[in-house]
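Below is one structure, written out as structure tokens, with a few remarks after it.
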Amino acid sequence: MHWYQDLVDTGRAQAAWALFAFLLTFTVARAITRRIRAKQASAQPGDGGLSDVHIGGVHIHHQVWGILLVLLSGLLQFRYAPASPWAEVLAVMFGAGAALTLDEFALWLHLDDVYWGPEGRKSIDAILLGGALGVVLLMQTSPIGAEPERAGGGLARWAYFASVGFHLVMAILCFLKGKLATGLIGIVVPLVAFVGAVRLAKPGSTWAVRRYGERKTERAGRRFGPTYNKRWNRIRDALGGQPSRRT
């Protein structure tokens with residue numbers, strides 16, 4: 001398993017295990033919650049099987065277990081900083097806890113049980129952003145490419161620092177334009193950062209509010225309008241399930 005040894009040698013094994021646990025836990029958690037929802041909708045509460053967890057009459061959301069896992073894994077890592085394989089075990093605990101927590105991001109953002117409401121799609125956005133960050137951490141050990149000492153001397157060194165600076169500026173522009181996932185991926189994939197930086201900003205982003213006039217704001221509104229939202233909502237709903245209709 002040369003590929004795994006390469007992850008170990010470059011210090012990315014823990015990131016790989018955390019990302020794997022994150023994706024697996026999210027998949028299992030959503031499968032379970034969708035099954036519970038379907039069971040409740042069928043009006044067959046007495047058929048056993050999966051159900052919500054209640055303690056003392058209080059519904060315990062799975063973000064509670066996620067927060068506990070994140071806290072526990074963080075405390076153990078800070079206190080003991082264990083070597084392999086316990087470092088990987090803590091990474092799995094952290095990844096699983098992060099998935100359980102972010103899967104209910106909309107609940108702690110709105111301080112309301114909006115898991116199956118339209119606002120619940122924010123949880124899918126948080127999961128996608130967390131997954132993108134995990135991929136960024138896994139892709140390479142240095143987010144800016146080659147080490148500066150390998151860039152040579154003189155003009156080559158200046159060209160290296162100029163390219164790194166330009167790359168990071170493009171990623172920052174993505175963030176200012178409201179494109180968080182693009183910016184995160186762009187940190188390690190310069191082409192993604194460049195494309196995101198030169199294209200229109202999202203309406204309401206810092207860049208659009210401060211720099212766009214009426215005409216460009218309208219263009220941005222059309223670019224990120226109903227068609228864009230409908231396309232992304234299809235992706236969100238495919239991952240997390242259709243939200244409940246308001247009555």
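Remember, it's a predicted structure, so these values are computed and weren't measured experimentally.
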Looking only at heavy atoms, what is the nearest atom pair of [X] and [Y], with distance?
{"X": "T101", "Y": "W108", "result": "O-NE1, 3.1 Å"}
{"X": "S244", "Y": "P118", "result": "O-CD, 4.0 Å"}
{"X": "A87", "Y": "P82", "result": "CB-O, 3.4 Å"}
{"X": "V8", "Y": "A13", "result": "CG2-CB, 4.0 Å"}
{"X": "A21", "Y": "V92", "result": "CB-O, 3.4 Å"}
{"X": "P203", "Y": "A208", "result": "CA-CB, 4.4 Å"}

Please check this pair: side chain of [X] against backbone of [Y], looking for a donor-acceptor N/O pair closer than 3.5 Å.
{"X": "N233", "Y": "N229", "result": "yes"}
{"X": "K177", "Y": "A197", "result": "yes"}
{"X": "Y212", "Y": "L200", "result": "no"}
{"X": "K179", "Y": "C174", "result": "no"}
{"X": "H167", "Y": "G186", "result": "yes"}
{"X": "T27", "Y": "L23", "result": "yes"}

- prompt: F22 and F94: side chain to side chain contact (heavy atoms under 4.5 Å, CB included), yes or no, with the steps?
  reply: CA-CA 8 Å; F22 181 87; F94 181 86; over 6 Å; no
- prompt: Side chains of S123 and Y115: donor-acceptor distance under 3.5 Å anywhere?
  reply: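 Side chains of S123 and Y115: no pair found under 3.5 Å.
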- prompt: Among side-chain atoms of E104 and H61, is any donor-acceptor pair under 3.5 angstrom?
  reply: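 Side-chain D/A pair, E104 to H61: present.
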Should [X] and [Y] be counted in the same cluster of Ile, Leu, Val, Met, Phe, Trp and Tyr side chains packed under 4.5 Å apart?
{"X": "L19", "Y": "W3", "answer": "yes"}
{"X": "L102", "Y": "I124", "answer": "yes"}
{"X": "L111", "Y": "V114", "answer": "no"}
{"X": "F224", "Y": "W207", "answer": "yes"}
{"X": "I187", "Y": "V198", "answer": "yes"}

Enter the distance from [X]:[atom1] to [Y]:[atom2] here, rounded to the nearest 0.5 Å.
{"X": "Q14", "Y": "L7", "atom1": "CD", "atom2": "CG", "answer": "11.5 Å"}
{"X": "R210", "Y": "L176", "atom1": "CZ", "atom2": "CG", "answer": "9.5 Å"}
{"X": "I36", "Y": "D52", "atom1": "CD1", "atom2": "CG", "answer": "5.0 Å"}
{"X": "R231", "Y": "R234", "atom1": "CZ", "atom2": "CZ", "answer": "7.5 Å"}
{"X": "I127", "Y": "F26", "atom1": "CD1", "atom2": "CZ", "answer": "5.5 Å"}
{"X": "M93", "Y": "T25", "atom1": "CE", "atom2": "OG1", "answer": "11.5 Å"}

task: Go through the structure and list residues passing side-chain contact (heavy atoms from CB on, under 4.5 Å) with I235, not counting sequence neighbours.
output: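 Here the qualifying residues are W232, L239.
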query: Within 45° of the ring axis of W116 and under 6.0 Å from its six-membered ring centre, is that where the NZ or CZ of R30 lies?
result: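 Verdict for W116: a cation-pi partner in R30.
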- request: Step by step, work out the side chain to side chain contact (heavy atoms under 4.5 Å, CB included) result for T33 and H62.
  value: CA-CA 10 Å; T33 55; H62 53 268; 3.8 Å; yes
Do [X] and [Y] have side chains that get closer than 4.5 Å, going by heavy atoms?
{"X": "V135", "Y": "I185", "value": "no"}
{"X": "M170", "Y": "P190", "value": "no"}
{"X": "W65", "Y": "L69", "value": "no"}
{"X": "F175", "Y": "T206", "value": "no"}
{"X": "L107", "Y": "Q63", "value": "yes"}

query: CD of Q5: more than 12 outside heavy atoms within 6.0 angstrom?
result: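 Above 12, so yes.
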- prompt: Any chance CZ of R219 has more than 12 other-residue heavy atoms, nucleotides or ligands included, within less than 6.0 Å?
  reply: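 Not buried by this count: 12 neighbours or fewer within 6.0 Å.
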- request: Output, in order, the C-alpha distance, side-chain angles, deciding distance and verdict of side chain to side chain contact (heavy atoms under 4.5 Å, CB included) for K216 and R211.
  value: CA-CA 9 Å; K216 210 162 188 180; R211 301 183 63 89; over 6 Å; no
task: Could you label the plane-to-plane angle of the W17 and Y4 rings as parallel, tilted or perpendicular, counting under 30° as parallel and over 60° as perpendicular?
output: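 Judged by the thresholds at 30° and 60°, the geometry between W17 and Y4 is perpendicular.
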query: For residues 76-93, which residue pairs qualify under side-chain hydrogen bond (donor to acceptor under 3.5 Å, both in side chains), counting only residues two or more places apart or in two chains?
result: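 For residues 76-93, and leaving out neighbouring residues, the side-chain hydrogen bond (donor to acceptor under 3.5 Å, both in side chains) pairs sorted by first residue read S84-E88.
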Verdict with reasoning, D125 to R236, per side chain to side chain contact (heavy atoms under 4.5 Å, CB included): CA-CA 8 Å; D125 293 339; R236 295 181 182 111; 2.6 Å; yes
field: Positive for side-chain contact (heavy atoms from CB on, under 4.5 Å) with R223, one of K202, E218, R199
entry: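 It is R199, the one option of K202, E218, R199 that forms the side-chain contact (heavy atoms from CB on, under 4.5 Å) with R223.
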